[in-house]
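Residue indices begin at 1 and follow the sequence shown. Here the structure is a predicted model, which is why all the values come from computation and not from measurement.
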Amino acid sequence: QVQLVESGGGLVQAGGSLRLSCAASGRTFSRSAMGWFRQAPGKEREFVVAINWSGSSTYYTDSVKGRFTISRDNAKNTLYLQMNSLKPEDTAVYFCAGSNQMTLATALFLYNQWGQGTQVTVSS
């Protein structure tokens, strides 16, 4: 199994940027599809973006396309989320998640490992 620890969240003004990192421990990171989810107050956790085991394939939810970029470094066991042109509606706790499959996984139930989350707050 993979243990996940997110970092990089914070407070930023609208239009600004943040880079989230997710450090993974365990032997299976390089064989696992990974994803980022977010949860705003009073709302359900929602899918943001996914990446396959090698990084060759990604999938973004429509609201972040062109603004967010997911990447991974399997040699460093680290997942990244570069967030540009941030909007107040991006405010949420962001979670790194690991899947039990190698191919892209967009559904929440396909993920069996979760980080503790990192808060992202975008002020207007």
Side-chain angles (χ1 to χ4, degrees):
Q1 289 189 340
V2 177
Q3 289 76 48
L4 305 172
V5 179
E6 303 97 333
S7 61
L11 173 64
V12 65
Q13 289 188 332
S17 298
L18 283 174
R19 189 192 195 200
L20 305 184
S21 297
C22 174
S25 61
R27 298 178 296 157
T28 62
F29 176 80
S30 63
R31 301 192 298 274
S32 300
M34 300 293 294
W36 289 96
F37 290 74
R38 65 187 180 187
Q39 188 166 17
K43 295 187 176 181
E44 293 186 351
R45 191 169 300 189
E46 65 173 1
F47 168 80
V48 178
V49 58
I51 190 168
N52 72 337
W53 69 278
S54 66
S56 63
S57 183
T58 59
Y59 185 84
Y60 296 84
T61 194
D62 285 346
S63 62
V64 307
K65 284 181 181 177
R67 300 189 299 121
F68 291 12
T69 303
I70 190 172
S71 61
R72 66 190 298 163
D73 186 335
N74 286 346
K76 296 182 178 180
N77 275 12
T78 305
L79 179 72
Y80 303 99
L81 183 63
Q82 178 67 43
M83 305 186 295
N84 299 329
S85 301
L86 282 161
K87 304 175 181 180
E89 51 263 45
D90 294 318
T91 294
V93 176
Y94 282 71
F95 296 90
C96 169
S99 173
N100 55 8
Q101 63 184 49
M102 298 178 71
T103 53
L104 278 179
T106 59
L108 191 146
F109 76 90
L110 293 173
Y111 289 85
N112 58 355
Q113 295 293 325
W114 294 86
Q116 82 288 351
T118 185
Q119 177 70 48
V120 171
T121 303
V122 184
S123 62
S124 57

Linked, directly or transitively: Trp114 and Tyr80 (ILVMFWY side chains, under 4.5 Å): no

Whether Asp90 and Lys87 form a salt bridge (side-chain N of Lys/Arg under 4.0 Å from carboxylate O of Asp/Glu) is what I want to check. no

Atom pair CG/NZ of Asp62 and Lys65 - distance to nearest 0.5 Å: 4.0 Å

Ser17 versus Asn84, side-chain donor and acceptor atoms under 3.5 Å: yes

Applying side-chain hydrogen bond (donor to acceptor under 3.5 Å, both in side chains), name anything that partners Lys43, two or more places apart in sequence or on another chain. none

Could you measure the distance from the CG atom of Asn112 to the CD atom of Gln101? Nearest 0.5 Å is fine. 10.0 Å

Closest heavy-atom pair and its distance - Thr91, Val122: OG1-N, 2.9 Å

Using the disulfide bond (SG atoms under 2.5 Å apart) rule, collect all pairs that involve residues 86-124, keeping only residues at least two apart or in two chains. Cys22-Cys96

Treating Ile, Leu, Val, Met, Phe, Trp and Tyr as nodes and any side-chain heavy-atom pair under 4.5 angstrom as an edge, say whether Val49 and Leu86 lie in one connected cluster. yes

Sole candidate of Thr69, Val12, Leu20 that passes side chain to side chain contact (heavy atoms under 4.5 Å, CB included) when paired with Met83: Leu20

Do Gln119 and Leu11 have side-chain heavy atoms sitting under 4.5 Å apart? no

With a 4.5 Å heavy-atom cut-off, do Tyr94 and Glu6 have their side chains touching? no

Going by heavy atoms in the side chains, are Phe68 and Thr61 under 4.5 Å from each other? no

Ser99 to Tyr111 - nearest heavy-atom pair and separation: N-CD2, 3.5 Å

Val5-Leu81 co-clustered via ILVMFWY side chain contacts under 4.5 Å: no

How far does CD of Glu46 sit from OG of Ser63, to the nearest 0.5 angstrom? 6.0 Å

Are Asn52 and Met102 close enough that some pair of their side-chain heavy atoms sits under 4.5 Å apart? no

Is Leu104 linked to Leu110 within one hydrophobic cluster, defined over Ile, Leu, Val, Met, Phe, Trp and Tyr using a side-chain heavy-atom separation of less than 4.5 Å? yes

List in chain and number order the residues that pass side-chain hydrogen bond (donor to acceptor under 3.5 Å, both in side chains) with Ser124, two or more places apart in sequence or in another chain; answer none if no residue qualifies. none

Is the backbone of Arg67 close enough, under 3.5 Å, to the side chain of Tyr60 for a donor and an acceptor to pair up by distance? no

About how many Å separate OH of Tyr59 and CD1 of Ile70, when rounded to the nearest 0.5 Å? 13.5 Å

Ignoring hydrogens and geometry, is there a side-chain-to-backbone donor-acceptor pair from Thr78 to Lys76 under 3.5 Å? yes

Report yes or no: is the cationic atom of Arg72 (NZ for Lys, CZ for Arg) closer than 6.0 Å to the six-membered ring centre of Phe29, at no more than 45° off its axis? yes

Flag if over 12 foreign heavy atoms under 6.0 Å of CD, Gln116: yes

Heavy atoms, side chains only, cut-off 4.5 Å: are Phe95 and Leu4 in contact? no

Separation between CG (Leu79) and OG (Ser32), nearest 0.5 Å, reads 11.0 Å

If I compare all heavy atoms of Val64 with all of Val48, which pair ends up nearest, and what's the gap? CG2-O, 3.9 Å

Nearest non-hydrogen partners of Val120 and Gly9, listed with the distance: CG2-CA, 4.2 Å

What distance separates Gln39 CD from Glu44 CD, expressed to the nearest 0.5 Å? 8.0 Å

Check the angle between the aromatic planes of Phe47 and Phe37 and answer parallel, tilted or perpendicular using the 30° and 60° thresholds. perpendicular

